[in-house]
Amino acid sequence: MSTAILTLIPGIFRHVTCRNNVYPRTQTLRFPVPDDFVFWTMPYNDYMPPIYTASHIGGQSWADPDIGAPLFQPRWNFQDRDVNRLSHMGKYQIDSSGYPLNPIGRTGLRGRGLLGRWGPNHAADPIVTRWKRDKNGSVIKHNVSEKNILQMITIQRHDNRMWAIPGGMVDPGEKITTTLKREFMEEALNRNQAMIEEFFATGSEVYRSYVDDPRNTDNAWIETVACNFHDEMGTKVGALQLSAGDDAMNVKWCDIDGNMLLHANHATIVEHVAKRLKAHW
């Protein structure tokens with residue numbers, strides 16, 4: 001099994017879902033950003049994006065103050081007390097007004113949007129998988145690729161109704177492993193605590209990078225660490241009845257293949273998992 005960790009490369013990868021559309025939960029239209037003008041290294045003299053930060057963010061314990069607010073002196077590109085302002089993409093730039101710049105490039109919108117932190121907003125995504133089996137317990141192979149069919153737990157999001165990996169944001173000072181387990185329990189299960197603890201004690205990191213999320217802006221963006229937790233025999237998490245938590249509309253085991261439509265760039269991460277396990281894609 002391949003052990004490579006997938007990482008997107010600034011200056012090569014172009015985000016898609018956070019460009020050329022209306023910002024989520026608003027009527028704010030992003031300033032157009034053609035492919036040739038995504039990267040900050042390309043001059044875009046006509047670039048005049050609107051500014052938007054959701055009003056409900058103000059004063060929240062999980063959110064930063066506005067840039068320039070009294071006593072707010074963030075340490076960009078460092079661990080800032082309990083707030084991780086480091087990026088998985090390397091050192092990000094700070095513009096002349098003191099705002100961090102999205103390492104992938106322009107999004108057509110300034111401000112924080114719906115995100116709590118300026119700069120990187122760190123998340124964790126548990127990809128829980130099992131092999132698809134018939135009623136006799138035998139692993140089912142795809143009739144074209146002849147490779148084993150892999151299944152994963154997906155949740156349906158409330159905001160855009162798309163299916164996604166059951167992940168979430170890392171709390172200040174929290175370990176990634178704790179976030180992975182907590183988010184899975186909150187969004188997909190609410191039982192068998194002891195077995196879940198044992199199951200999540202092992203896993204393989206598969207992705208540590210930028211998330212092409214529709215909430216991203218020029219000054220705030222989501223990054224994630226995704227880990228694969230595979231139930232080889234299907235007797236642990238693979239045998240449990242799923243139950244959607246408050247953060248999800250629905251939850252289900254989903255067959256993994258190249259036609260999957262998932263939130264953000266989750267399909268890219270899942271494809272990497274399928275190839276690591278030599279499963280059908």
Side-chain angles (χ1 to χ4, degrees), residues 1-10 12-13 15 17-18 62 76-92 100 102-104 115-129 150 152-155 157 163-189 196-216 220-231 237 245 247-248 256 260 262-277:
M1 182 182 71
S2 170
T3 58
I5 297 174
L6 182 63
T7 302
L8 304 179
I9 302 175
I12 296 178
F13 172 78
H15 41 211
T17 67
C18 57
W62 45 266
W76 306 121
N77 290 296
F78 285 92
Q79 180 71 36
D80 190 5
R81 297 183 182 179
D82 283 342
V83 179
N84 183 7
R85 301 195 189 278
L86 292 162
S87 170
H88 301 316
M89 313 299 291
K91 188 175 181 179
Y92 50 89
N102 189 313
I104 297 300
L115 300 178
R117 303 290 179 191
W118 296 101
N121 289 252
H122 289 284
D125 289 304
I127 305 168
V128 178
T129 56
L150 193 65
M152 65 175 286
I153 291 178
T154 57
I155 56 101
R157 297 173 59 94
W163 292 92
I165 301 168
M169 307 310 294
V170 179
D171 289 341
E174 186 176 49
K175 293 182 179 179
I176 292 292
T177 51
T178 302
T179 309
L180 290 163
K181 181 172 56 182
R182 171 174 55 79
E183 288 296 328
F184 181 75
M185 291 291 292
E186 289 178 358
E187 297 191 354
L189 290 171
I196 293 295
E197 293 281 351
E198 180 182 355
F199 182 71
F200 275 87
T202 59
S204 300
E205 185 176 320
V206 295
Y207 186 86
R208 178 182 287 265
S209 197
Y210 181 86
V211 179
D212 186 8
D213 193 282
R215 293 168 291 180
N216 291 347
W221 60 92
I222 297 177
E223 301 185 14
T224 196
V225 174
C227 294
N228 178 214
F229 300 90
H230 181 61
D231 188 352
V237 171
D247 292 338
I256 290 176
M260 298 182 78
L262 297 175
H263 170 76
N265 64 324
H266 286 187
T268 300
I269 304 172
V270 174
E271 177 184 8
H272 188 59
V273 172
K275 290 180 177 179
R276 283 169 60 101
L277 294 175

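Within the model, atoms CD1 of I153 and OG1 of T129 stand 9.0 Å from one another, a figure rounded to the nearest 0.5 Å. Note that the CZ atom of R85 and the CH2 atom of W76 stand 5.0 Å from one another [nearest 0.5 Å]. Here the straight-line distance linking atom NE2 of H266 with atom CD1 of I165 works out to 4.5 Å at 0.5 Å rounding. Rounding to the nearest 0.5 Å gives a distance of 9.0 Å between CE of M152 and CD1 of I269. To the nearest 0.5 Å, the span separating CG on L6 from NE2 on H272 amounts to 5.0 Å. Atom NZ of K175 is separated from atom NZ of K181 by 10.5 Å, given to the nearest 0.5 angstrom.
Residues Y92 and P120 have side chains in contact (heavy-atom distance under 4.5 Å, counting atoms from C-beta outward). Between V211 and N265 the shortest side-chain heavy-atom distance falls below 4.5 Å. Considering only heavy atoms from C-beta on, M89 comes within 4.5 Å of S209 through its side chain. The side-chain heavy atoms of L150 and H230, taken from C-beta on, include a pair separated by under 4.5 Å. Considering only heavy atoms from C-beta on, F200 stays 4.5 Å or farther from C227 through its side chain. Within the 4.5 Å cutoff, the side chain of D231 has no heavy atoms near those of the V128 side chain. Side-chain contact check for N121 versus R215: every heavy-atom pair is 4.5 Å or farther apart. Side chains of N228 and L277 form a contact here, defined as non-hydrogen atoms less than 4.5 Å apart.
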Test side chain to side chain contact (heavy atoms under 4.5 Å, CB included) applied to V225 and H88, step by step
CA-CA 9 Å; V225 174; H88 301 316; 3.6 Å; yes
Assess the residue pair L8 and Y207 against the criterion (side chain to side chain contact (heavy atoms under 4.5 Å, CB included)); give the C-alpha distance rounded to whole Å, side-chain angles, the decisive distance to 0.1 Å, and a yes or no.
CA-CA 9 Å; L8 304 179; Y207 186 86; 3.2 Å; yes
Dump the intermediate steps for side chain to side chain contact (heavy atoms under 4.5 Å, CB included) on R182 and D171, then the final yes or no.
CA-CA 11 Å; R182 171 174 55 79; D171 289 341; 3.6 Å; yes
Please lay out, stage by stage, how V237 and I196 fare under the test side chain to side chain contact (heavy atoms under 4.5 Å, CB included).
CA-CA 7 Å; V237 171; I196 293 295; 3.8 Å; yes
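Between the side chains of N102 and Y210, at least one donor-acceptor pair of N or O atoms lies under 3.5 Å.
Residues A124 and P126 share a closest heavy-atom pair of O-CD, 3.9 Å. Contact between W221 and S87 at its shortest, heavy atoms only, is NE1-OG, 4.5 Å. The shortest non-hydrogen separation linking I104 to P10 is CD1-CA, 4.2 Å. Scanning all heavy atoms of the two residues, the minimum distance from R81 to Q79 falls at O-NE2, 3.0 Å.
The residue from D212, T17, D213 that alone fulfils the side-chain hydrogen bond (donor to acceptor under 3.5 Å, both in side chains) condition with H263 is D213.
Between F229 and F199, the ring planes are tilted. Angles from 30° to 60° get that label.
Side-chain atoms of H122 do not come within 3.5 Å of backbone N or O of V170 as any donor-acceptor pair. Side chain of R276 to backbone of A4: a donor-acceptor contact under 3.5 angstrom is found.
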